[in-house]
Every structure is written in structure tokens, then in C-alpha cells.
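Reading through the C-alpha cells given below for one structure.
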There are 2 protein chains.
Amino acid sequence: MHTIGTLSARTGTKVQTIRYYEQIGLMREPGRSSGGQRRYHEADLDRLAFIRHSRQLGFPLDAIRELLDLSDSPSRPCAEADAIARRQLRQVELRLARLQVLRKELKRMVADCDGDSVAECRVLEVLRDHSECLTEHEEIGG
Amino acid sequence: MHTIGTLSARTGTKVQTIRYYEQIGLMREPGRSSGGQRRYHEADLDRLAFIRHSRQLGFPLDAIRELLDLSDSPSRPCAEADAIARRQLRQVELRLARLQVLRKELKRMVADCDGDSVAECRVLEVLRDHSECLTEHEEIGG
DNA sequence: CTTGAACCTCTACCTGCTGCAGGTCCTATC
DNA sequence: GATAGGACCTGCAGCAGGTAGAGGTTCAAG
């Protein structure tokens with residue numbers, strides 16, 4: 001039996017986050033001590049580790065929910081898990097591509113700026129006028 | 001004089017978003033028509049375009065606030081604007097580096113999976129056991 | 001039996017918006 | 001001048017994925 005603090009320490013997850021996962025139904029409601037404190041089994045620790053690792057790989061909580069469901073029914077074909085992972089890979093590749101465009105533009109921006117007064121600052125100039133950009137970038141929220 | 005709808009259409013910003021920018025003090029409070037509707041000057045349009053463009057380049061609203069302040073005082077040296085842009089560039093490069101690690105790991109994950117049953121699914125296996133990863137990745141929220 | 005670290009619930013806040021409800025204004029057309 | 005209907009108004013709730021704090025209880029070591 002583990003306390004929530006033990007799970008926290010072992011998985012590097014904040015205590016509040018574990019309670020949050022319980023609240024949104026990602027973690028099962030654990031048993032309680034006579035005084036009302038959460039007491040976890042080893043399986044809960046594994047589940048939390050799974051969740052955290054998936055988060056580290058950028059999976060959104062909804063995807064993790066699906067993966068956990070799949071993980072709980074071992075006889076099903078794994079095509080679904082595979083599809084989720086591929087979707088995540090596509091997302092990551094999309095974000096990479098967009099960030100690469102941004103990096104290029106930002107690099108050019110700071111390279112062109114010679115540190116004079118704000119009035120002739122290249123950085124501000126480029127921000128003022130999108131047409132000075134070499135590439136389209138409809139990033140925002142990527 | 002422009003309506004909020006005109007600003008919206010010209011900058012590709014939702015009407016609500018413009019009102020939100022006003023609420024958080026990024027956009028100045030415009031004048032109003034006799035009936036209480038917002039009426040904008042050309043300068044407001046420019047300001048909104050600046051904000052949007054900065055957002056597209058991934059600048060957080062706080063940074064944009066600083067950049068706007070700088071932009072309003074043209075005699076100051078532009079070192080500050082430069083620093084903000086460099087900071088943003090560093091952020092983008094950090095995110096890029098992390099995403100590249102993720103991509104590698106995800107690629108390996110889906111490549112190893114041969115589509116059999118969940119019980120022996122590589123995807124789930126890797127998620128279960130971080131030690132199967134080739135690289136450390138403390139992504140989360142990047 | 002005491003102490004204090006760890007736990008509990010509840011609520012609010014973060015970023016950067018977006019959407020809806022329910023009501024008002026503006027302007028073109030008849 | 002009346003009317004239709006699109007554009008506008010305010011205010012509030014909600015999204016992801018947590019994080020922080022208040023104010024109170026429990027647990028376990030000494």
C-alpha cells in the first residue's frame with residue numbers, strides 16, 4: 001500500500017496532479033485509510049507511470065484514456081494503439097515543421113537587427129509588417 | 001473609422017478575441033458610436049496586426065505587451081526588443097529539440113509494432129516501461 | 001502525548017482564447 | 001417611416017492540463 005506522496009515521488013508527478021487525474025477519471029478511485037487518506041496498490045503506480053510516460057511523449061489525455069482502455073483488454077488487436085501512436089507522431093511532425101519555419105524567421109529577424117534605436121529596429125519592423133517575412137506562418141496555438 | 005468586424009476581417013482575428021485583447025489591456029479602449037459600438041482608428045488596426053503577427057511567431061502575450069511598449073517609445077535603444085526576440089528564438093529552439101527527441105521515440109515505437117494483439121503491442125509496452133526508451137524526455141507542456 | 005510533515009477538500013487561477021445566451025444597434029430596402 | 005436581419009453589445013462558462021493556496025485533519029516518529 002502506497003500513499004499519494006509515494007506515488008508522487010516515484011513518478012515525478014505532483015500530488016495535486018494525481019488527484020486531478022482521479023477527478024477526471026484517468027486514475028481509479030483508490031481505497032482509503034480509516035482516516036480518509038488515499039491508499040494505492042502497485043497497479044495504480046504502474047498506471048500512473050504509464051500516464052506520465054505518455055504525457056512525456058506528448059499524448060493528450062484523451063488519447064491516454066484510450067490507450068489505457070486498450071491496455072486493459074489484452075486480447076484485442078493492437079491496431080488501435082498503433083493508430084493513436086501514429087496520429088501522435090503526425091502531430092509532432094506538424095509542430096516540428098511549423099516551429100522550423102518560425103525559427104528561420106526569428107533568426108533572420110535578430111540577425112538583421114544592429115542594436116540601434118527602436119525607431120529603426122528590424123525586430124519591430126518585421127513584426128509590424130508581415131510582408132517582410134519570407135514564409136507564411138499561420139502558427140498560433142501550435 | 002472601422003467597426004470591430006472590419007478589424008476582424010482585415011487581420012483574421014475573431015471579434016471576441018479583439019474584445020479579449022481590450023479586456024487584458026493589449027488593445028486600447030476605442031471610442032464608441034452613439035449607440036455604444038466600438039469605433040477604431042487606423043492606428044488600432046496597425047496595433048492589432050502587430051499583435052497578431054507576433055502571436056503567429058509564437059510570442060506570448062506578455063512579450064507582445066513589452067514589444068508594444070517599446071514600439072511606442074521610438075527613441076529608446078532597441079536592445080530590449082532584440083532581447084525579447086532572442087528569448088523567443090531560444091524558446092522555439094528548445095521546443096524543436098524536444099520535439100525531435102519525441103519524434104524519434106514515436107517513430108521507433110510504431111515501427112516496432114507488428115499489429116498483433118494488444119498483449120504484445122510494442123506501443124503499449126514502451127509506454128508502460130520508460131526504460132525501453134533510447135533517450136530521456138522530460139517534455140510535458142512543451 | 002506531542003509535534004509537524006503529509007494528507008484532506010474546495011476553490012480559484014494560469015494561457016489564450018472560443019462560444020453561447022439574450023438583448024440592442026445599424027442600415028438597406030420598401 | 002417601418003421593418004428585417006446582420007452586426008454588434010455584455011456577461012458568463014468552458015477548453016487543456018494542470019498549479020497554488022486556504023483552512024483543516026491524520027499519521028507516525030520520538
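Residue numbers begin at 1 in each chain, while the letters A, B, ... track the order of the sequences.
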Mind calculating the distance between CG (A:Asp62) and P (D:dC15) to the nearest angstrom?
11 Å

When you check the gap from the basic side-chain N to the acidic O, do A:Glu105 and A:Arg108 get nearer than 4.0 Å?
yes

Describe the nucleic acid contact of B:Phe59 in one word from base, sugar-phosphate, nothing, applying a heavy-atom distance below 4.0 Å.
nothing

Determine whether the aromatic ring centres of residues B:His41 and B:His2 are separated by less than 6.0 angstrom.
no

For A:Gln23 and C:dT11, give me the distance from atom CD to atom P, rounded to whole Å.
11 Å

In whole Å, I'd like the distance from the CG atom of A:Leu7 to the C1' atom of C:dC8.
16 Å

Remember a base hit wins even if backbone is also touched, and classify A:Arg65 as base, sugar-phosphate or nothing at under 4.0 Å, heavy atoms.
nothing

B:Thr3 side chain to B:Gln37 side chain, donor-acceptor N/O pair below 3.5 angstrom
no

Nucleotide C:dC7, atom C1' - distance to CE of A:Met1 in whole Å
16 Å

Is there a donor-acceptor contact under 3.5 Å linking the side chains of A:Tyr21 and A:Arg52?
yes

Are any of the side-chain nitrogens in A:Arg87 or A:Glu66 under 4.0 Å away from the carboxylate oxygens of its partner?
yes

From CZ of B:Arg55 over to P of C:dT18, roughly how many Å is that when rounded to an integer?
10 Å

Value for CG (A:Asp44) from CE (A:Met1), rounded to nearest 0.5 Å, stands at 9.0 Å

salt_bridge(A:Glu22, A:Arg38) N-O dist < 4.0 Å
yes

Relative to the ring of A:His130, is the ring of A:His137 parallel (under 30°), tilted (30 to 60°) or perpendicular (over 60°)?
perpendicular

Gap between atoms CD1 and C1', on B:Ile24 and C:dT18 respectively (whole Å)
14 Å

Residues from residues 12-20 of chain B sitting under 4.0 Å of DNA chain C, heavy atoms only?
B:Lys14, B:Gln16, B:Thr17, B:Tyr20

C:dA6 OP1/OP2 closer than 4.0 Å to side-chain N/O of A:Thr3:
no

How long is the line joining OH of B:Tyr21 and C1' of C:dC17, in whole Å?
8 Å

Phosphate OP1/OP2 of C:dC17: any B:Arg52 side-chain N/O under 4.0 Å:
yes

Specify the residues of residues 27-42 of chain A, ordered by number, for which at least one heavy atom lies under 4.0 angstrom from an atom of DNA chain C.
A:Arg32, A:Gly36, A:Gln37, A:Arg38

Give a yes or no on whether a salt bridge exists between B:Glu125 and B:Arg122, defined as a side-chain N under 4.0 angstrom from a carboxylate O.
yes

